[in-house]
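So that the names make sense, note that chain A is the first sequence line, chain B the second, and so on, each numbered from 1. Since this is a predicted model, take the numbers as computed values, not measurements.
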Amino acid sequence: MARRYWLMKCEPAAYTIDDLARDGETSWEGVRNYQARNFMRDEMQVGDGVLFYASNADPAGVTGLAKITRAGYPDAFAWRKGHKYFDPDTDRNNPSWYMVDIGFVERFNGTVSLETLKQTKGLEQMMVTRKGSRLSVQPVTRPEYDIVVRLGRAL
DNA sequence: GCCAACGTTGGC
DNA sequence: GCCAACGTTGGC
């Protein structure tokens with residue numbers, strides 16, 4: 001399958017591109033939305049490109065690049081009682097939730113802000129630029145990915 | 001911290 | 001299966 005591209009959101013209070021640069025690789029557990037789950041479980045492949053997006057940040061926007069280093073596998077945190085990602089309803093034999101691993105690729109010299117994304121020609125269709133788009137894992141097209149990379153490297 | 005937009009839940 | 005109530009997300 002051809003390489004695909006994604007945008008993944010995270011609040012800086014939880015994890016940043018600097019954390020990923022330090023760690024090299026991290027697991028992406030805790031996604032509790034079915035649409036996002038489906039992307040991780042069914043569509044993400046090792047090598048896919050990721051725009052790392054800081055939400056609830058000042059400014060919010062893309063702070064760097066990552067890549068998928070492990071395709072979808074069951075999110076075991078859902079079975080860890082007392083953990084914030086614990087989900088009493090998920091069955092061990094039929095996991096509700098999936099996660100992936102991502103690896104560090106590149107840290108931008110700043111943030112490609114949501115404002116910039118909204119104003120950039122060619123990104124009008126990007127989910128994240130649409131009002132009320134809360135999905136934390138979103139597909140991105142190759143041209144959109146390339147445009148954002150160019151913007152990020154120009155910072 | 002506010003609040004609009006959205007997804008999920010649950011009563012009927 | 002509808003839809004109101006509720007909880008969460010996320011920009012500002």
**Study point:** Pair A/E106 + A/R153: basic N to acidic O under 4.0 Å
**Key:** yes

Review point. With nearest nucleotides of DNA chain B determined for A/D89 and A/N56 from heavy-atom distances, which residue corresponds to the more 5′ nucleotide?
Key: A/N56

**Study point:** Within-4.5 Å side-chain heavy-atom neighbours: A/F108 and A/V62
**Key:** yes

Revision key, fill the gap. Under a 4.0 Å heavy-atom criterion, DNA chain B is touched by chain A from B/dA5 to B/dT8

Check your understanding: Thinking salt bridges, do A/R37 and A/D75 make one under a 4.0 Å N-O criterion?
Key -> no

Review point. Is any NZ, NE, NH1 or NH2 atom of the basic residue among A/R22 and A/D18 found under 4.0 Å from an Asp or Glu carboxylate oxygen of the other?
Key: no

Practice item. Indicate yes or no: at least one non-hydrogen side-chain atom of A/V100 is less than 4.5 angstrom from one of A/R70. Key: no

